[in-house]
Student: 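Please read through the structure below; I'll follow up with questions.
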Amino acid sequence: MTVITRFAPSPTGFLHIGGARTALFNWLFACHHGGKFCLRIEDTDKKRSTSDAIKEIIDGLQWLGLQWHGEAIYQSKNRARHTKVVDVLLERNLAYRCYCTPDELIEMREKARSNGLQPRYDGRWRDRSSTEVPTNIRPAIRFKAPRDGSTVINDQVQGNVTVDNEQLDDMVILRADGTPTYMLSAVVDDHDMGITHVIRGDDHLTNAFRQIQVYRALEWNEPAFAHIPLIHGPDGTKMSKRHGSLGIGTYREMGFLPTAIRNYLLRLGWSHGNEEIITTDKAIAWFDFSGIGRAPSRFDLTKLESLNGHYLRELKDEEAVRLIEPILLPQVGQKLTKQQRDRLFVGIGALKLRAKTLLELAESSFFYIAPRPIKISLKAEKHLNENTKRLLYELTQKLQELDNWNSESIENLIREFASSRDLKLNLVAQPLRVSLTGTTVSPSIFEVMVVLGRSETLSRLRDLQT
RNA sequence: GUCCCCAUCGUCUAGUGGUCCAGGACAUCGGCCUCUCACGCCGAAAACGGGGGUUCGAGUCCCCCUGGGGACGCCA
């Protein structure tokens with residue numbers, strides 16, 4: 001049997017971190033089994049679905065590298081099929097028309113709640129004869145759920161979970177306006193698409209019971225279910241659009257790498273022994289349901305940053321330059337010159353070690369391409385005074401006469417220069433760093449000088465004297 | 001409120017009855033390296049929520065409590 005999974009987001013908002021992880025798990029599971037991973041956009045709620053959201057979801061998944069099989073499926077296009085299934089259910093007396101008004105339903109729920117019961121539909125239209133049907137109300141169609149007994153789901157993550165059927169009410173499967181609801185269309189589409197494993201957030205667990213009943217009513221094969229625990233915000237509650245969760249696009253803008261996000265998300269709620277750094281190949285080879293934990297986990301940006309730092313360091317230098325270029329562009333105002341790009345390329349290796357995000361990397365590399373005279377930060381300025389300027393002036397003379405402009409000879413020269421004056425190296429290096437980079441923090445100042453080149457180095461030093 | 005689920009360091013987790021006075025990672029704190037900051041390396045502090053069982057033996061199995069979460073829509 002070929003494994004077929006799907007990610008089925010509703011395009012009512014951005015692709016958030018929890019959705020991204022659900023997609024990742026579905027993708028990994030399919031890849032692991034050599035199966036197919038499908039994308040289905042659940043856009044049956046026309047009022048809330050937007051094309052912007054669809055675009056964001058698609059962009060986000062692509063950016064994350066979660067390629068789906070074939071074309072994305074739009075659930076709204078299957079509407080005719082969904083309605084047809086509703087008709088079948090109606091014919092077989094497995095569904096019925098409900099003429100309750102919205103107000104009536106609200107009242108019903110409030111009453112149940114105040115009586116300490118679970119708010120749910122009481123089934124008042126379940127067995128009424130067609131003679132007492134009001135003509136002024138368009139009915140919704142409800143599924144005739146079993147009232148006795150219980151429904152068990154053998155969840156791949158949660159194990160056997162049982163719910164008494166009396167807890168489950170007759171859900172609406174077709175709205176009064178004739179549109180199918182999620183409960184119905186998800187089942188129909190999963191069946192039609194041949195989905196073998198439904199992997200989704202824990203918040204869908206109770207839906208699974210109702211959906212299983214639909215499968216059974218229709219005598220369809222049930223897929224396996226795997227409900228994965230939710231990702232909580234730092235405060236321990238479900239992340240939502242207005243609560244701690246950011247769109248995947250935001251993480252991209254913050255300078256995170258897809259590889260890092262994938263690794264982080266995978267490790268959040270899934271484990272393979274003590275493995276922390278997990279390449280995609282290994283993730284595919286190792287991914288299984290047994291590695292998924294059952295407790296929700298909290299989103300920790302710091303750990304993501306640390307992982308991002310790791311993957312940043314693994315980036316090829318040219319790739320790193322390519323990735324920071326668009327971030328640098330607004331500051332530079334124009335396309336980078338060849339010289340600027342060359343400098344970045346040579347300097348980026350040392351910079352990568354020091355950055356956690358692409359944003360930081362771009363920021364820390366700016367001094368290499370900044371126009372003269374370079375801006376000196378307030379903090380850095382403190383290292384410059386009459387004494388140190390005089391020192392740098394003298395050093396400039398020496399540097400001018402240096403034979404070989406390479407890291408080793410520069411370092412030798414400066415060390416000798418410092419010791420000849422009975423100065424600790426940092427008393428020379430720090431003012432030098434400030435004058436060349438405008439900050440107090442940078443890679444080895446000798447390497448910086450090599451990257452800048454003799455001419456630029458001397459020019460920057462001379463800028464200081466004026 | 002009702003139903004369902006969950007519970008190991010601050011966080012993510014390893015642990016599937018003895019090898020656990022509980023291991024790893026991030027974060028924190030020391031130290032080394034050192035021209036600054038990182039990286040790297042070494043080290044420290046830090047957890048089985050509580051109570052009952054079962055068992056020769058429980059972080060691991062069972063029950064209760066507590067705590068946390070999720071679901072209760074003509075949303076998905």
Side-chain angles (χ1 to χ4, degrees), chain A residues 8-12 42-45 47-49 75 98 100-102 105-106 109 112-121 138-142 155 158-159 161-164 166-169 171-177 179-183 185-186 201-207 209 227 229-230 232 234 236-238 264 267-277 290 293-307 309-310 313 350-356 364 380 383 411 414-415 418 424-430 432-434 437 439-446:
Chain A
S10 64
T12 54
E42 308 232 316
D43 56 347
T44 50
D45 185 351
K47 280 182 224 106
R48 301 198 307 150
S49 300
Q75 187 159 65
C98 167
C100 284
T101 62
L105 293 170
I106 291 167
R109 273 182 220 114
R113 212 182 277 267
S114 65
N115 286 338
L117 296 169
Q118 185 172 353
R120 56 175 200 248
Y121 178 67
R138 292 185 62 184
I141 313 287
R142 285 183 186 271
D155 194 273
Q158 308 290 341
V161 186
T162 308
V163 161
D164 288 338
E166 62 175 10
Q167 296 297 328
L168 277 13
D169 62 1
M171 66 197 173
V172 170
I173 53 178
L174 195 78
R175 299 186 187 91
D177 66 3
T179 59
T181 64
Y182 162 78
M183 283 297 176
S185 31
D202 215 353
D203 50 345
H204 283 280
L205 185 61
T206 49
N207 292 335
F209 293 97
H227 288 94
L230 300 179
H232 286 164
T237 60
K238 185 183 177 182
Y264 176 70
R267 204 54 198 70
L268 201 57
W270 177 87
S271 62
H272 184 81
N274 279 334
E275 300 289 341
E276 295 287 347
I277 304 290
S290 65
R294 294 200 284 171
S297 45
R298 297 188 192 201
F299 186 78
D300 181 11
L301 195 66
T302 316
K303 189 151 184 180
L304 209 207
E305 279 178 343
S306 141
L307 233 23
H310 171 85
R313 274 170 252 141
L351 258 14
K352 280 191 313 194
L353 257 38
R354 294 162 168 82
K356 295 261 186 265
S364 69
H383 290 270
E411 177 164 355
I414 293 176
R415 281 187 189 279
K424 279 187 163 176
L425 184 59
N426 65 322
L427 292 177
V428 179
Q430 219 34 8
L432 187 57
R433 169 170 287 114
V434 167
T437 70
T439 70
T440 56
V441 172
S442 84
S444 156
I445 197 59
F446 314 120

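Labels below follow one simple rule: chain letters A, B, ... track the order of the sequence lines, proteins then strands, and each chain is numbered from 1.
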Student: Give one of base, sugar-phosphate or nothing for L105(A), where a contact means two heavy atoms less than 4.0 Å apart.
Tutor: base
Student: Looking at P119(A), is its backbone amide N or carbonyl O close enough to the side chain of R109(A) to form a donor-acceptor pair, meaning the two atoms are under 3.5 Å apart?
Tutor: no
Student: Counting N and O atoms only, with roles assigned by atom type, does the side chain of Q430(A) sit under 3.5 Å from a partner on the main chain of T440(A), one being a donor and the other an acceptor?
Tutor: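 Yes, the answer is positive, given that a donor and an acceptor are paired below the 3.5 Å cut-off.
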Student: Now, which nucleotide makes the Watson-Crick or G-U wobble pair with G10(B), with each of the two distances under 3.5 Å?
Tutor: C26(B)
Student: Examine C74(B): is either OP1 or OP2 under 4.0 Å from a nitrogen or oxygen in the side chain of R142(A)? Give yes or no.
Tutor: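 Yes, because at least one side-chain N or O of R142(A) sits under 4.0 Å from OP1 or OP2 of C74(B).
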Student: Is any side-chain heavy atom of L353(A) closer than 4.5 Å to a side-chain heavy atom of R313(A)?
Tutor: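 A side-chain contact under 4.5 Å exists here.
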Student: Rounded to whole angstrom, note down the P distance from C5(B) over to C64(B).
Tutor: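 Roughly 12 Å separates the two P atoms.
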Student: Please determine, for the side chain of D203(A), which listed nucleotide (C74(B), A71(B), G1(B)) has the closest atom?
Tutor: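 Minimum distance to the D203(A) side chain belongs to A71(B).
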Student: Using 0.5 Å steps for rounding, measure from the CZ atom of F446(A) to the CZ atom of R415(A).
Tutor: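 It comes to 5.5 Å.
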Student: At less than 4.0 Å, is any side-chain N or O atom of S297(A) found next to OP1 or OP2 of U13(B)? Yes or no.
Tutor: yes
Student: C72(B) pairs with which nucleotide, Watson-Crick or G-U wobble, both distances below 3.5 Å?
Tutor: G1(B)
Student: Does A47(B) pair with anything, Watson-Crick or G-U wobble, both distances under 3.5 Å, and if so, with which nucleotide?
Tutor: none
Student: Looking at G1(B), A76(B), C12(B), which one has an atom nearest to any side-chain atom of P119(A)?
Tutor: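 Minimum distance to the P119(A) side chain belongs to G1(B).
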Student: Across all strands shown, which nucleotide pairs with A58(B) by Watson-Crick or G-U wobble geometry, both distances under 3.5 Å?
Tutor: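 Check on A58(B): unpaired, no WC or wobble geometry under 3.5 Å.
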Student: Quick one: does any side-chain atom of R354(A) pair with a main-chain N or O of V441(A) as donor and acceptor, under 3.5 Å?
Tutor: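 Checked: no pair found.
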Student: Ignoring hydrogens and geometry beyond distance, is the side chain of R354(A) in donor-acceptor contact with the base of C37(B) at under 3.5 Å?
Tutor: yes
Student: Nearest to the side chain of V161(A), which nucleotide is it out of U36(B), C5(B), A76(B)?
Tutor: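 The answer is C5(B).
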Student: Take the angle between the ring planes of Y264(A) and F299(A) and call it parallel below 30°, perpendicular above 60°, tilted in between.
Tutor: perpendicular
Student: Examine G73(B): is either OP1 or OP2 under 4.0 Å from a nitrogen or oxygen in the side chain of R109(A)? Give yes or no.
Tutor: yes
Student: When you compare U66(B) with G50(B), how far apart are their P atoms, in angstrom units rounded to a whole number?
Tutor: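 Nearest-Å result for U66(B) against G50(B) at atom P: 16 Å.
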Student: If I take atom CD in residue E275(A) and atom P in nucleotide G24(B), what distance separates them, rounded to the nearest angstrom?
Tutor: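 It works out to 14 Å between those atoms.
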Student: Walk me through whether R120(A) and E166(A) qualify under salt bridge (charged side-chain N to carboxylate O under 4.0 Å, His left out).
Tutor: CA-CA 10 Å; R120(A) 56 175 200 248; E166(A) 62 175 10; 5.5 Å; no
Student: Let me know, please, whether Q167(A) or S271(A) comes out on the 5' side of the other along RNA chain B by nearest nucleotide.
Tutor: Q167(A)
Student: For M171(A), report the nucleic acid contact type (base, sugar-phosphate, nothing); a contact means any heavy atom under 4.0 Å.
Tutor: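 Here M171(A) touches no strand at all.
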Student: Show your reasoning for whether side chain to side chain contact (heavy atoms under 4.5 Å, CB included) applies to H383(A) and R433(A).
Tutor: CA-CA 9 Å; H383(A) 290 270; R433(A) 169 170 287 114; over 6 Å; no
Student: Considering only C4(B), G70(B), A76(B), which nucleotide approaches the side chain of H204(A) most closely?
Tutor: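 My answer, after comparing the listed nucleotides, is A76(B).
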Student: Side-chain contact, heavy-atom cut-off 4.5 Å: T12(A) with D43(A)?
Tutor: no
Student: With heavy-atom distances below 4.5 Å as the criterion, would you say the side chains of R142(A) and M171(A) are in contact?
Tutor: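 The answer is no, as the side chains (C-beta and beyond) never meet within the 4.5 Å cut-off.
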Student: Tell me the interatomic distance from L168(A), atom CG, to G73(B), atom P, rounded to whole angstroms.
Tutor: 12 Å
Student: Of all the choices, C6(B), C39(B), C37(B), which nucleotide is nearest to the side chain of Q158(A) once you look at every atom?
Tutor: C6(B)
Student: Which nucleotide, if any, forms a Watson-Crick or G-U wobble pair with C41(B), using both distances under 3.5 Å?
Tutor: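 C41(B) is paired with G31(B).
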Student: Calculate the interatomic distance between R298(A) atom CZ and G10(B) atom P; express it in whole Å.
Tutor: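 So the two atoms are 11 Å apart, to the nearest Å.
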Student: More 5' along RNA chain B: T206(A) or G273(A), using each one's nearest nucleotide?
Tutor: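 Going by which nucleotide is closer to the 5' end, it is G273(A).
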Student: Between U11(B) and C20(B), how far apart are the two P atoms, rounded to whole Å?
Tutor: 25 Å
Student: Rounding to the closest angstrom, what is the interatomic distance between G23(B) and G40(B) at atom C1'?
Tutor: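 Per the computed distance, 22 Å lies between those C1' atoms.
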Student: Between the main-chain N or O of V172(A) and the side-chain N or O of T181(A), is there a donor-acceptor pair closer than 3.5 Å?
Tutor: yes
Student: Under 4.0 Å, counting only non-hydrogen atoms across every strand here, what does G269(A) touch: a base, just sugar-phosphate, or nothing?
Tutor: sugar-phosphate
Student: For Y182(A) and C74(B), give me the distance from atom OH to atom P, rounded to whole Å.
Tutor: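 It is 15 Å, rounded to the nearest whole Å.
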Student: Can you tell which of C12(B), A76(B), C37(B) lies closest to the side chain of T181(A)?
Tutor: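 Selected nucleotide: A76(B).
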Student: Provide, to the nearest angstrom, the distance between the CZ atom belonging to R267(A) and the P atom belonging to C12(B).
Tutor: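 The distance from CZ of R267(A) to P of C12(B) comes to 11 Å, rounded to the nearest Å.
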Student: Rounded to whole angstrom units, what separation is found between the CG atom of L307(A) and the C1' atom of C12(B)?
Tutor: 11 Å
Student: I'd like a list of close polar pairs between nucleotides 40-42 of chain B and the protein, N/O only, cut-off under 3.5 Å.
Tutor:
none

Student: Counting the atoms with a prime plus P, OP1 and OP2 as sugar-phosphate, which does S185(A) contact under 4.0 Å by heavy atoms, base, sugar-phosphate, or nothing?
Tutor: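 Contact class for S185(A): none.
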Student: Taking the side chain as C-beta and beyond, is there a heavy-atom pair between Y182(A) and D45(A) under 4.5 Å?
Tutor: no
Student: Does any nucleotide pair with C21(B) by Watson-Crick or G-U wobble geometry, both distances under 3.5 Å, and what is it?
Tutor: none
Student: Do any N or O atoms of the protein come closer than 3.5 Å to N or O atoms of nucleotides 18-22 of chain B, and which pairs are they?
Tutor:
none

Student: In whole angstrom, what separates H232(A)'s NE2 from G68(B)'s P?
Tutor: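 Rounded to whole Å, this separation is 12 Å.
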Student: Quick one: label T439(A) by what it contacts on the DNA or RNA (base, sugar-phosphate, nothing), any heavy atom closer than 4.0 Å.
Tutor: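 Contact class for T439(A): none.
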Student: What distance, rounded to whole Å, do you find between the two P atoms, one in G18(B) and one in G67(B)?
Tutor: 33 Å
Student: Hey, are H227(A) and D202(A) close enough side-chain-wise for a donor-acceptor pair under 3.5 Å?
Tutor: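 D202(A) vs H227(A): no donor-acceptor pair found between side chains.
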Student: Under 4.5 Å between any side-chain heavy atoms of P11(A) and S49(A), yes or no?
Tutor: yes
Student: Polar-atom pairs under 3.5 Å, protein N or O versus N or O of nucleotides 25-35 of chain B: list them with distances, or write none.
Tutor:
from, atom 1, to, atom 2, distance (Å)
A25(B), O4', E276(A), OE2, 3.4
A25(B), N3, K303(A), NZ, 3.1
C35(B), OP1, R415(A), NH1, 3.2
C35(B), OP1, R415(A), NH2, 2.7
C35(B), O2, R433(A), NH1, 3.4
C35(B), O2, R433(A), NH2, 2.6
C35(B), N3, I445(A), N, 3.3
C35(B), N4, S444(A), OG, 2.5

Student: Whole Å only: how far is the CD1 atom of I277(A) from the C1' atom of C39(B)?
Tutor: 14 Å
Student: Hey, does I414(A) have a side-chain heavy atom less than 4.5 Å from the side chain of V428(A)?
Tutor: yes
Student: Please work out if A176(A) contacts a base, only the sugar-phosphate, or nothing of the nucleic acid, heavy-atom cut-off 4.0 Å.
Tutor: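 Since a base atom lies under 4.0 Å of A176(A), the category is base.
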Student: When only distance counts, do a donor and an acceptor, one from the side chain of N207(A) and one from the base of A76(B), lie under 3.5 Å apart?
Tutor: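 Looking at the base of A76(B), it does pair with a donor or acceptor on the side chain of N207(A) (distance under 3.5 Å).
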Student: Quick one: are K303(A) and E276(A) in side-chain contact, heavy atoms under 4.5 Å?
Tutor: yes
